Amino acid sequence: MRVLVTGAGGLLGLEVVDELRARGHEAIAATRQRLDITDPMGSAQIAAKSFGELDWCINCAAYTAVDRAESEEREAMEVNNLGIGYLMTAAQAVSLRVLHVSTDFVFDGESDRPYTEEDPTNPIGVYGRSKLDGERRLLGYYRGVVVRTSWLYGPRGSCFPKTMLRAYDAGKSLRVVADQFGTPTYTPHLARVLADIVDKDPFPGIYHAAGPDVVSWHEFARRVISVCRGAEPQIEPIKTEDWPTPAKRPRFSALDSSKLTAAGIAPMPPLDEGVRAFCQTLQAS
């Protein structure tokens with residue numbers, strides 16, 4: 001199959017391109033320089049078939065600066081909402097299947113169990129609202145698939161584990177929020193799931209795809225340093241209010257991925273397996 005990957009230069013997009021090519025698919029890697037989804041004419045290139053006949057488009061392009069979005073709402077909406085509309089319009093013209101990656105931030109964090117696809121959304125910040133608006137646009141297309149994920153980390157690009165390792169290696173005192181919980185997701189594992197969706201072509205709609213372990217940021221940091229450095233670090237657990245940020249975060253945004261499993265797609269490995277792979281890749285680079 002021929003698959004267009006938008007946002008192909010990012011933390012996730014790079015892994016998706018590699019996974020598709022490893023399976024023998026022709027992955028067209030569209031970085032923002034090649035295809036800016038906020039440009040209606042750029043997305044119209046798909047309709048004009050300038051990339052040739054396509055089977056799927058996987059959209060990894062996103063505005064992900066959660067805190068900055070509070071003061072850059074227009075920019076966040078352009079990428080996460082309007083850009084999805086342009087992409088969908090172009091896809092409709094050629095009946096192209098579209099897989100769009102969304103986020104756990106569409107929820108308000110008031111749940112006491114992992115969120116399912118049927119749970120009501122209620123974003124509490126600009127970033128979450130922009131992503132939810134983009135979801136709704138794409139779901140108006142009968143060939144659209146939305147995949148929500150959470151707490152992405154990987155070897156290629158900035159992420160929380162890299163920040164923690166740099167701070168630990170520099171001998172800094174570590175203070176990490178211990179009252180926010182989610183499901184960390186290793187980007188190569190998510191790329192495998194997205195490629196499985198392309199291969200299996202499940203029913204359109206919303207799916208959750210995240211790691212199986214529910215942990216706090218504090219526990220996540222502890223596991224990363226323990227696995228990568230072979231040490232039990234001293235990390236001070238703090239409350240959300242002790243680390244104020246411009247954007248409010250969901251207290252609990254873990255995702256339940258069982259719907260995807262029921263569709264025949266294997267679940268992701270446990271957190272420690274992802275962290276070990278992450279560390280090994282960093283050491284080899």
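As the structure is a prediction and not an experimental result, all values here were calculated from the model.
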Pairwise side-chain contact, V193 with M268, heavy-atom cut-off 4.5 Å (strictly under): yes

ILVMFWY cluster, I37 and Y86 together (side-chain gap under 4.5 Å): no

Connected via hydrophobic side-chain network under 4.5 Å: V98 and L139: yes

P123 side chain reached by F105 side chain, heavy atoms, under 4.5 Å: no

Under 3.5 Å: donor-acceptor pair, side chain of D213, backbone of L271: yes

Residue pair C159 / G154: nearest heavy atoms and the distance that separates them: SG-O, 3.5 Å

Ion pair D169/R229, N-O distance below 4.0 Å: yes

Contact check, side chains of R129 and M77, non-hydrogen atoms, under 4.5 Å: yes

Side-chain touch V275/P161, heavy atoms, less than 4.5 angstrom: no

Pair Y127-T103, side-chain contact (heavy atoms from CB on, under 4.5 Å): steps then yes or no: CA-CA 9 Å; Y127 170 68; T103 176; 3.6 Å; yes

Residue pair V146, R136: steps toward the side-chain contact (heavy atoms from CB on, under 4.5 Å) verdict: CA-CA 9 Å; V146 169; R136 288 171 172 166; over 6 Å; no

Rounded distance [0.5 Å steps], OG in S102 versus CG in L99: 11.0 Å

Student check: side-chain heavy atoms of S173 and E236 closer than 4.5 Å: no

Heavy-atom closest contact (M164 atom, I225 atom, distance): O-CD1, 4.2 Å

Option among D18, V3, D199 that satisfies the side chain to side chain contact (heavy atoms under 4.5 Å, CB included) test with R23: D199

Cluster overlap L255 with V147, hydrophobic side-chain contacts below 4.5 Å: no

Atom pair NE2 (H100) and CG (L194), whose distance is rounded to the nearest 0.5 Å: 12.0 Å

With sequence neighbours excluded, residues passing disulfide (SG to SG under 2.5 Å) with C279: C228

Rounded distance [0.5 Å steps], NZ in K239 versus NE2 in H218: 14.0 Å

T240/Q180 under side chain to side chain donor-acceptor pair (under 3.5 Å): CA gap, chis, key distance, verdict: CA-CA 7 Å; T240 296; Q180 293 175 22; 3.1 Å; yes

Heavy-atom neighbours of R32 CZ exceed 12 at 6.0 Å: no

R137 vs L87, side-chain contact (heavy atoms from CB on, under 4.5 Å): CA-CA, chis, key distance, verdict: CA-CA 10 Å; R137 282 184 184 272; L87 198 62; over 6 Å; no

Backbone of W56 reached by a side-chain donor or acceptor of R143 within 3.5 Å: no

Donor-acceptor pair, side chain of R251 and main chain of S111, under 3.5 angstrom: yes

Smallest separation among heavy atoms of Y141 and A91, with atom names: OH-O, 3.5 Å

Presence of salt bridge, R223 and D272, under 4.0 angstrom: yes

Enclosure of E232 CD (heavy-atom neighbours >12, cutoff 6.0 Å): yes

Heavy-atom neighbours of K162 NZ exceed 12 at 6.0 Å: yes

Under 3.5 Å: donor-acceptor pair, side chain of Y115, backbone of G109: yes

Flag side-chain contact, heavy atom, 4.5 Å: N59 against V101: no

R21 side chain vs A27 backbone, donor-acceptor pair below 3.5 Å: yes

Donor-acceptor under 3.5 Å (D133 side chain, S130 main chain): no

Nearest-0.5 Å distance, OG of residue S95 to CG of residue D55: 11.0 Å

Residues L165, V224; criterion side-chain contact (heavy atoms from CB on, under 4.5 Å); working and verdict: CA-CA 8 Å; L165 289 171; V224 167; 3.9 Å; yes

Donor-acceptor contact present, side-chain T31 to main-chain G9, <3.5 Å: no

Spatial distance of atom CG (L152) from atom OG1 (T64) [nearest 0.5 Å]: 9.0 Å

Side-chain (T149) to main-chain (A209) donor-acceptor, under 3.5 angstrom: yes

Residue pair A167 / L174: nearest heavy atoms and the distance that separates them: CB-CD2, 3.5 Å

Partner of W217 under ring pair (Phe, Tyr, Trp, His ring centres under 6.0 Å), chosen from F181, F252, W151: W151

Distance, nearest 0.5 Å, that separates CG of D119 from CG of D108: 10.0 Å

Aromatic ring pairing H208/F107, orientation class (parallel under 30°, perpendicular over 60°, tilted between): perpendicular

For L4 against A30, the heavy-atom pair lying closest together: CD1-CB, 3.7 Å

V106 reachable from L82 in the ILVMFWY side-chain graph, under 4.5 Å edges: no

SB check R2 E26 (cutoff 4.0 Å): yes

Distance-minimising heavy-atom pair for T38 and E78: CG2-O, 3.4 Å

Heavy-atom donor-acceptor pair, T185 side chain to G211 backbone, under 3.5 Å: yes

Same apolar cluster: M1 and I265, side chain cutoff 4.5 Å: yes

Chi angles and distances behind the salt bridge (charged side-chain N to carboxylate O under 4.0 Å, His left out) call for R175, D242: CA-CA 9 Å; R175 303 170 68 244; D242 296 327; 5.2 Å; no

Heavy-atom side-chain contact between R222 and V176 under 4.5 Å: no

Partner residues of Y63 under the side chain to side chain contact (heavy atoms under 4.5 Å, CB included) criterion, sequence neighbours left out: A65, R68, A69, E72, E75, A76, V79, N80

Side-chain (E70) to main-chain (V126) donor-acceptor, under 3.5 angstrom: yes

Test item: R148 and D104 side chains (from C-beta on) under 4.5 Å apart, heavy atoms: no

